[in-house]
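Step one of this worksheet: look at the structure below.
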Number of protein chains: 2
Amino acid sequence: MPDVYRALGDSTRRGILSMLKHGNKTQKELVKAFDISQPAIKKHLNILLEEKIISESWDGKYRIYSLNPEVLQIAYNEVHQYIGELLDNQLVSLKNYVEKGEFQDELD
Amino acid sequence: MPDVYRALGDSTRRGILSMLKHGNKTQKELVKAFDISQPAIKKHLNILLEEKIISESWDGKYRIYSLNPEVLQIAYNEVHQYIGELLDNQLVSLKNYVEKGEFQDELD
DNA sequence: AATACATATAACTAATTGGTTATATGTGAA
DNA sequence: TTCACATATAACCAATTAGTTATATGTATT
């Protein structure tokens, strides 16, 4: 189960994903686009690979990276549903609170 | 700018939020619900507070925690839009790839 | 005033993260 | 085959995280 929060929890990684959405990129292109070293970029790529958000392949001496849309879709659904549920019910209980002034009281 | 990825990036914190969606809770109730120590729970609560996802107040000797639906809504919009954009364009470029076999080639 | 108990905080540990520099490896071109 | 260069990996550092135990603080109750 890929951890989307881990994958998206860093702005460099989000930047990488935003670049990849415009088409596959070589590692060299990604390194050039950010102000950090090649090994640092590779570590971010490794995290995205671990979480299965991207794939890598070879093209001669170039490493090619691409998004995995299916996994992204699953991640999207997961986050969407989790936060969505939190929000819906919270609006209901906010409404209850305002209307009835009640809150949970199961102390001891 | 609250970091929603940090806030939601831990399953205990997501569990806490899920409890709070059913109504405000005391710290004691939250501690009882998880299998970790009171200080550990308090640390999670502090992170959620730092990211403004929840609020705390006093009720006698009890600490009361509640969701901040407005901040959650902003978080939701942010994540929703970011991943949504990634997905849309990726579907387009996937389509291009399948149809034309092309991928980015701006080496050197 | 003394006790009980909810909460806060301090000090510690182990693992992870985000970065670095230095160096090794592998492929393509001269 | 040698050189250039894209990538991989190792060793290191500082900060953060997720937990622990021990202890202090503050409020309520007796």
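Every value quoted in this text rests on a predicted model; they were computed, and no experiment measured them. Letters go in sequence order (proteins before strands), and every chain restarts at 1.
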Length of the NZ-P vector between B/Lys28 and C/dA8, whole Å: 15 Å
Within the pair A/Lys42 and D/dT7, is there a side-chain N or O less than 4.0 Å away from OP1 or OP2? no
Of the listed nucleotides D/dG19, C/dT20, D/dC5, the one nearest the side chain of A/Ala40: C/dT20
What integer distance in Å separates B/Asp10:CG from C/dA15:P? 17 Å
How many whole angstroms separate atom CD of A/Gln27 from atom C1' of C/dT25? 14 Å
Tell me the interatomic distance from B/Glu51, atom CD, to D/dT16, atom C1', rounded to whole angstroms. 13 Å
Tell me the interatomic distance from A/Phe34, atom CZ, to C/dG19, atom C1', rounded to whole angstroms. 15 Å
On DNA chain C, check which nucleotide each of A/Trp58 and A/His44 is closest to and give me the residue with the more 5' one. A/His44
Whole angstrom value for the distance that separates C1' of D/dA11 from NZ of A/Lys43: 10 Å
With a 4.0 Å limit, can you tell me whether B/Arg6 has a side-chain N or O closer than that to the phosphate oxygens OP1/OP2 of D/dT16? no
Could you walk me through whether A/Gln73 and A/Asn77 pass the side chain to side chain donor-acceptor pair (under 3.5 Å) check? CA-CA 6 Å; A/Gln73 181 69 57; A/Asn77 292 343; 3.2 Å; yes
Given D/dA6, D/dT9, C/dA10, identify the nucleotide with an atom nearest to the side chain of A/Pro39. D/dT9
Compare side-chain N and O positions of B/Arg13 against OP1 and OP2 of D/dT17 and report whether any pair is under 4.0 Å apart. no
Residue-phosphate contact under 4.0 Å: B/Ser37 side-chain N/O, D/dT20 OP1/OP2: yes
Taking atom types as modelled, is there a side-chain donor on B/Gln27 or B/Tyr65 under 3.5 Å from an acceptor on the other? yes
Given atom CG of B/Leu49 and atom P of C/dT9, what is their separation to the nearest angstrom? 12 Å
Is there a donor-acceptor pair under 3.5 Å between the side chain of B/Glu29 and the backbone N or O of B/Thr26? yes
Minimal non-hydrogen separation, B/Met19 against B/Phe34, with atom names: SD-CE1, 3.8 Å
Atom CD1 of B/Ile41 and atom P of D/dT17 are separated, to the nearest Å, by 16 Å
Check: A/Gln38 side chain, D/dA6 base, donor-acceptor under 3.5 Å: no
Is a side-chain N or O of A/Asp3 found less than 3.5 angstrom from the main chain of A/Arg6, in a donor-acceptor match? yes
